[in-house]
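The structure appears right after this line, and notes come after that.
Note that the structure is a prediction, hence the values are computed from the model and not measured.
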Amino acid sequence: MQAPTRSTITIKKWVWRALFTSTMIPLFLVEMALVGVYFLSNDEIRDANLSYLQAQSSSELNLAVLREAGSLDRQLEHVQNLSSSMASQASDIAVDMDVVIAPAELARHAARANGVWATQGNNGNQASGYYPRLPQSTQDIPLALRMTGIDPIMRNIVSSHSSVVQTFTTLADCYVRIYPYVNLAELVPPNHDCRNFSFFYRAAPDENAARRTIWTDVYEDPAGNGWMTSAVTPFYVDDHFLGVAGVDMTLDVIVNQILAMELPGSGFAMLFDQHGRSLAVPQRGESLLSLMPIERPDVQGVLEEDVIRPAQLELEQHVVFANLATEILTQRRGSSSVLVEGAPYKVAWEHLESNNWIMLSMVAEDAVFSRTAEIGRNFQLVGMALVGGLILFYFSFFILMSWRTHHISRRLSVPLAELCDRLHRIGLGAEVESAGASGLVELDEANSTAEEMYRRLRHTQKELQASERRLLDSLEASGDSLWEMDIPERIIRIHPNLWKMLGASGHEPLVMREIDFDRLIHPEDLEGVHMLRYKVFTTFGESFECQYRMRAPREEDLQHIEDMGVANSASISDEADNVEVALPAEEPALSFEEEVEEDQTCWVLLSSRGRVVSWDAERRPLKAAGMHILIDQSVRLRPVSS
């Protein structure tokens, strides 16, 4: 009885039909219903609440930054007013010829051996003295002594304001008066010039024609107080510039105030100058933004010019703030969002009115939106119901899919395994039998293709074997010898026929170094061989032909090859990289009398033909190949042109 014929369809059509009818339609209907209910109820509630919370948190963050920035701005403005008051009093003292100078203060000042006219000791008062780089004739010592009248206000500012660490007055002729006391006689060398520091030249007429109180960049204090910034005010008599009065704040004061700020959501604040360079970054900011801490300066000697504090963070260059930097630098206040390692952070900023510094705060959005957890509980029951329904559905769905997958895999895996086994046997060269019909079009076509491939491979294999046999027979009959050279490694592979031409013993190597091969060439022909070889290696694709005399290797040659080995050719391989600009490496040849004896050595005249057959991407030769042809087998030291 004849078996019924099975109808054939494509695998794609069969799998798609099975999956669509059993899984796709029910899955689509159930998912649409459940997802529709979930999104209609959940998204509307969630979006409304998140929008409200985001607005509230942003408002709270902006208000906190505004409050803290206002506090710091008022403090800086107060310091500016102190500097202005000092400058005003210094101007009055400069023109008051009736200022009484205490005898003790006169006695404290004297000139040292290095030319520094300064205070000689600390009695709890200020230190003062000239920076003696200016000519001695320009030093107005009476004016300098009258400036002792400003001592009370300098002491009062430092003692009454915790944020102020130092006050100073510097005249245009580089006389400085500073409180608290520092030993100027030792600190100031003869070649020092106060005009090289920003606390002087930033307030001087050249850069401050409006005579405003200016804030310096954060710099390293020449007196050894570390990083500081100064509020400096110039003072004049009429229109004559006399000098500057300054109030110093160390950066530690500002940093401590930044660290003490309380922001919502465990946020932190940072302070930047008007150019977007960081002035104060708390430890949390350093860790979050991967910043290296800046060490406190260690002043070992007096500074010759400003040493501006390097910025840990520059807004325009840091990857987190690069896209927001322009907005932060140009807008007085604002808020936005940034990503730090994939996590969203809210940022808000405020410009200080006193010196246009920027206070910027950062807080993680997760911390700000933590209150959404409470709102989430309101629709948790809906979520649990949806999850329960999905779990029940998918449990039933996976049971069905497991059964269907088993059936499909059985239908496909068996014939595919048989096909793989047939291909494996074909690869091994074993005999294979024809496969029967599987009922699937693609599998049947694959089996037919495998059978056709098997037939062609067997036919091609037979042709290759016959061709190889003909080539070997031709070489044996002609007596010629093939050779191949690995140019970078300087390794030559030789057909055994070469040794037959030379009358060798039959135990010679088939692979040897170029330098060992060259030992067998007649010394008179060796230079011509090297020159031609170099020309061929450096000329792209050029064929060559060379005649030279060659002898069979002796016992000492074989021993030398065995001792050195093909693998020990590192020195020759190293020179291969420079084959385009240098002749191939060679060892010093023995003298003609030492190398051969006329009545003992048999030289064979050969013709070598070949060319470079392989190059690398930089056009350096990699492989050459050719043939040795016998010309004369009994040459006795007869010169031959090459």
Side-chain angles (χ1 to χ4, degrees), residues 53-81 83 163 212-218 227-231 249-286 288-289 291 309 311-340 344-365 367-369:
L53 287 177
Q54 287 177 352
Q56 286 296 107
S57 61
S58 297
S59 177
E60 291 179 9
L61 185 60
N62 291 340
L63 289 175
V65 173
L66 179 61
R67 180 180 64 252
E68 299 295 342
S71 175
L72 180 58
D73 196 24
R74 287 190 295 273
Q75 182 178 348
L76 296 177
E77 185 177 357
H78 180 61
V79 173
Q80 285 185 207
N81 293 335
S83 175
S163 60
R212 295 180 295 103
T213 299
I214 60 96
W215 283 91
T216 67
D217 293 328
V218 177
W227 300 118
M228 67 168 45
T229 182
S230 303
M249 296 177 61
T250 64
L251 190 61
D252 291 341
V253 174
I254 301 174
V255 170
N256 291 334
Q257 186 166 344
I258 295 295
L259 292 175
M261 291 176 56
E262 294 183 0
L263 295 175
S266 300
F268 61 91
M270 298 179 288
L271 190 65
F272 297 84
D273 65 13
Q274 65 271 25
H275 304 295
R277 297 172 299 194
S278 62
L279 300 176
V281 180
Q283 189 173 3
R284 280 181 294 171
E286 292 177 347
L288 178 66
L289 301 174
L291 304 179
R309 179 183 182 271
Q312 287 179 282
L313 168 63
E314 295 189 34
L315 292 175
E316 293 180 328
Q317 296 182 8
H318 198 279
V319 63
V320 172
F321 301 102
N323 296 330
L324 194 60
T326 302
E327 186 176 350
I328 294 175
L329 294 174
T330 56
Q331 294 185 7
R332 179 179 177 183
R333 65 171 59 97
S335 62
S336 186
S337 296
V338 295
L339 292 177
V340 182
Y345 279 76
K346 294 289 293 183
V347 297
W349 65 89
E350 177 79 16
H351 286 240
L352 307 184
E353 292 185 0
S354 57
N355 53 9
N356 204 30
W357 285 356
I358 305 168
M359 180 176 288
L360 184 144
S361 65
M362 292 187 66
V363 58
E365 288 190 1
V368 176
F369 302 145

Which is it for W215 and Q80 under the side chain to side chain contact (heavy atoms under 4.5 Å, CB included) test, yes or no, and what are the steps along the way?
CA-CA 8 Å; W215 283 91; Q80 285 185 207; 2.7 Å; yes
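- In this structure, CG on L291 lies 5.5 Å from CG on L313, to the nearest 0.5 angstrom.
- Listed for the H275 side chain is no donor-acceptor partner under 3.5 Å among the backbone atoms of L329.
- Taken from CD1 in I328 to CD in E316, the straight-line distance is 10.0 Å, to the nearest 0.5 Å.
- Put simply, the side chain of W349 gets close to the backbone of Q331: a donor and an acceptor are under 3.5 Å apart.
- Sequence neighbours left out, the pairs with a member in residues 266-285 that pass salt bridge (Lys or Arg N to Asp or Glu O under 4.0 Å) are D217-R277, D273-R277.
- Other residues, nucleotides and ligands place more than 12 heavy atoms under 6.0 Å from the CD atom of Q274.
- The aromatic rings of F321 and F272 stand perpendicular to each other, their planes meeting at an angle above 60°, with 30° marking the opposite boundary.
- Checked by atom type and distance alone, the side chain of T216 never pairs as donor or acceptor with a backbone atom of T229 at under 3.5 Å.
- With H351 as the fixed residue, the side-chain contact (heavy atoms from CB on, under 4.5 Å) test singles out one of I358, D73, T330: I358.
- At a threshold of 4.5 Å between non-hydrogen side-chain atoms, the residues M228 and M249 do not count as touching.
- Pairs passing the side chain to side chain donor-acceptor pair (under 3.5 Å) check and including a residue from residues 317-327, sequence neighbours excluded, read E314-Q317.
- Judged by distance alone, the side chain of S354 and the main-chain N or O of L76 form no donor-acceptor pair under 3.5 Å.
- The heavy-atom pair separating V340 from M362 by the smallest distance is CG2-CE, 4.0 Å.
- Of the residues V363, L339, L288, the one that meets the side-chain contact (heavy atoms from CB on, under 4.5 Å) test with Y345 is L288.
- For the pair S337 and V347, the tightest heavy-atom approach, listed with the atom from each and the gap, is N-CG2, 4.4 Å.
- Considering CD of E77 and CZ of R74, their distance stands at 9.5 Å, rounded to 0.5 Å.
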Could you pull out every donor-acceptor pair under 3.5 Å between side chains of residues 63-72 and any protein atom, sequence neighbours left out?
none

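- Across every non-hydrogen atom of M270 and P282, the tightest pair is CG-CD, 3.9 Å.
- Taking each heavy atom of A231 and S83 in turn, the nearest pair found is O-OG, 3.0 Å.
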